[in-house]
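Just below is one structure, and these are the notes that go with it.
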Amino acid sequence: MDASVFQFEGKSVFVAGGSSGINLGIADAFARHGANVAILSRSQDRIATALEQLRRHGGAAEGYSADVREAAAVADALKQAHARFGPIDVLVSGAAGNFLAPALGMSANGFKTVVDIDLLGSFNVLRAAHEFLRKPGASVISLSASQAFVPTPYQAHVCAAKAGVDMLTKVLAMEWGGDGIRVNSIVPGPIEGTEGIRRLAPDDETRERMTARVPLGRYGSVDDIAGMAMVLSSPLGAYITGVVLPVDGGISLSGPRDFGAAWAATRRES
Ligand code: COA
Ligand code: NAP
């Protein structure tokens with residue numbers, strides 16, 4: 001393969017939710033390959049730590065503290081990033097929240113909180129970014145989850161929210177194709193060392209059962225996901241849009257998971 005397809009020197013990358021975990025791993029991969037990177041999330045402290053990491057690669061990196069549920073704040077951050085780095089070549093929308101709870105164990109506000117962060121937040125990020133995306137050429141990637149298409153007990157809020165995220169991906173791929181903007185979802189499997197998997201598999205028993213369901217027999221790495229984000233945003237991805245792409249060692253083939261035991265473990269801990 002021609003390695004030059006992964007050169008992102010001088011490209012502008014904006015990652016919503018980019019201060020930790022998978023999203024930071026994606027931001028880091030682009031920074032390692034020469035991009036200028038902007039990240040957005042709530043905690044100033046976490047942004048500062050992430051920026052230190054990103055700037056070590058030699059490119060420029062900026063951080064914006066905002067809640068993706070606040071459309072005006074998101075738009076303002078995107079405007080500032082555009083002023084700093086120019087048209088956005090790669091937009092990643094990955095801010096998310098999760099907790100384990102049966103539907104009867106979550107209030108309307110608990111359900112709404114996750115839907116607002118994951119789904120409304122993605123809409124806010126993508127909607128506000130359109131004005132600032134490179135046209136033609138931008139690659140937009142939302143982070144989804146297998147809960148979008150695998151009904152998963154104790155995850156009613158995430159299932160509803162991520163199904164919406166993937167439908168947004170498909171609709172905007174159609175609406176924005178004419179602008180030369182590609183819109184795709186990546187569906188990570190269980191990713192080692194991340195907050196998301198800590199919340200879903202907090203105990204050894206759940207972790208072992210989860211691993212046993214992955215056809216490739218292991219948790220994924222942050223780099224597994226970052227690599228696919230780069231492929232989708234490189235010339236190799238030039239004809240790919242509207243796709244919901246599992247990068248999950250095959251776990252989404254193995255059907256519904258029930259997090260009842262993990263939920264019980266969470267309750268014992270608290
Ligand atoms: N079980 C049931 N309900 C829960 C819950 C749990 N474990 N954790 C939170 N909730 C409910 C709260 O009780 C509250 O509802 P209420 O007002 O009716 O009591 C509602 O969710 C909002 O909680 P709050 O703590 O105010 O929300 P927040 O906006 O500060 O934080 C979360 C959002 C809850 C998702 C928080 O965990 C978070 O910020 N997560 C980000 C990191 C993350 O989840 N990473 C994994 C990504 S996959
Ligand atoms: P993470 O480390 O918890 O990252 C979430 C990021 O979003 C943080 O930077 C967080 O920072 C930010 N964020 C949360 N709520 C926000 C809000 N309201 N406004 C702005 N920013 C907010 O998560 P992760 O486990 O790496 O997961 C990343 C993505 O991959 C998520 O979309 C998740 O659904 C998806 N995914 C993860 C896994 C997994 O195994 N981890 C599996 C499938 C899918 P602040 O809290 O400071 O705002």
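All values derive from a computational prediction rather than experimental measurement. Counting convention: from 1, in listed order, for ligands and their atoms alike.
- Backbone and side-chain nitrogen or oxygen atoms of Ser107 are examined, and one is located within less than 3.5 angstrom of a nitrogen or oxygen of ligand 1.
- Listed by atom number, the atoms of ligand 2 under 4.0 Å from Pro190 heavy atoms are 40 (O).
- Closest heavy-atom approach to atom 43 (C) of ligand 1 within the set Lys112, Arg199, Gln147: this belongs to Arg199.
- Every atom of ligand 1 is numbered from 1 in the order shown, and the set under 4.0 Å from a heavy atom of Gly110 is 11 (C), 15 (O), 20 (C), 21 (O).
- For atom 35 (C) of ligand 1, the closest non-hydrogen atom on the protein side is Gly97 CA, 3.7 Å.
- Proximity of Arg42 to ligand 1, defined as any heavy-atom pair under 4.0 Å, is confined to the side chain (atoms from C-beta onward).
- Near Arg69, meaning under 4.0 Å from one of its heavy atoms, ligand 1 places the atoms 29 (O).
- Between the choices Asp45, Val114, Val68, Ile186, the shortest heavy-atom distance to atom 19 (N) of ligand 2 belongs to Val68.
- The protein atom (non-hydrogen) at minimum distance from atom 14 (C) of ligand 1 is Asn109 ND2, 3.9 Å.
- Looking at ligand 2, you won't find any N or O of Asp118 less than 3.5 Å from one of its N or O atoms.
- Counting heavy atoms closer than 4.0 Å to ligand 2, residue Arg42 contributes atoms from both its backbone and its side chain.
- Considering only non-hydrogen atoms, atom 35 (C) of ligand 2 lies nearest to Ser144 out of Gly94, Ala96, Ser144.
- Residue-to-ligand polar distances place Gly17 within reach of ligand 2: an N/O pair is separated by less than 3.5 Å.
- Considering backbone and side-chain N/O of Leu40, none are found under 3.5 Å from N/O of ligand 2.
- Atoms of ligand 2 found under 4.0 Å from any heavy atom of Ala95, numbered from 1 in the order shown, are 7 (O), 13 (N), 21 (N), 22 (C).
- Among the atoms of Glu195, none of the N or O lies under 3.5 angstrom from an N or O of ligand 1.
- By the criterion of a heavy-atom distance under 4.0 Å, the backbone of Ala66, and not its side chain, is placed next to ligand 2.
- Taking every non-hydrogen atom of Ile117 and a distance limit under 4.0 Å, the qualifying atoms of ligand 2 come out as 15 (N), 18 (N).
- At the shortest separation from atom 6 (C) of ligand 1 among protein heavy atoms lies Phe99 CD1, 3.3 Å.
- Note: Ile22 CD1 to Glu195 CD = 11.5 Å, rounded to the nearest 0.5 Å.
- Comparing Ser43, Ser252, Ser146 by heavy-atom distance to atom 47 (O) of ligand 2, the nearest is Ser43.
- Ranked by closest heavy atom to atom 26 (O) of ligand 2, the top entry among Ile191, Ile22, Val74 is Ile22.
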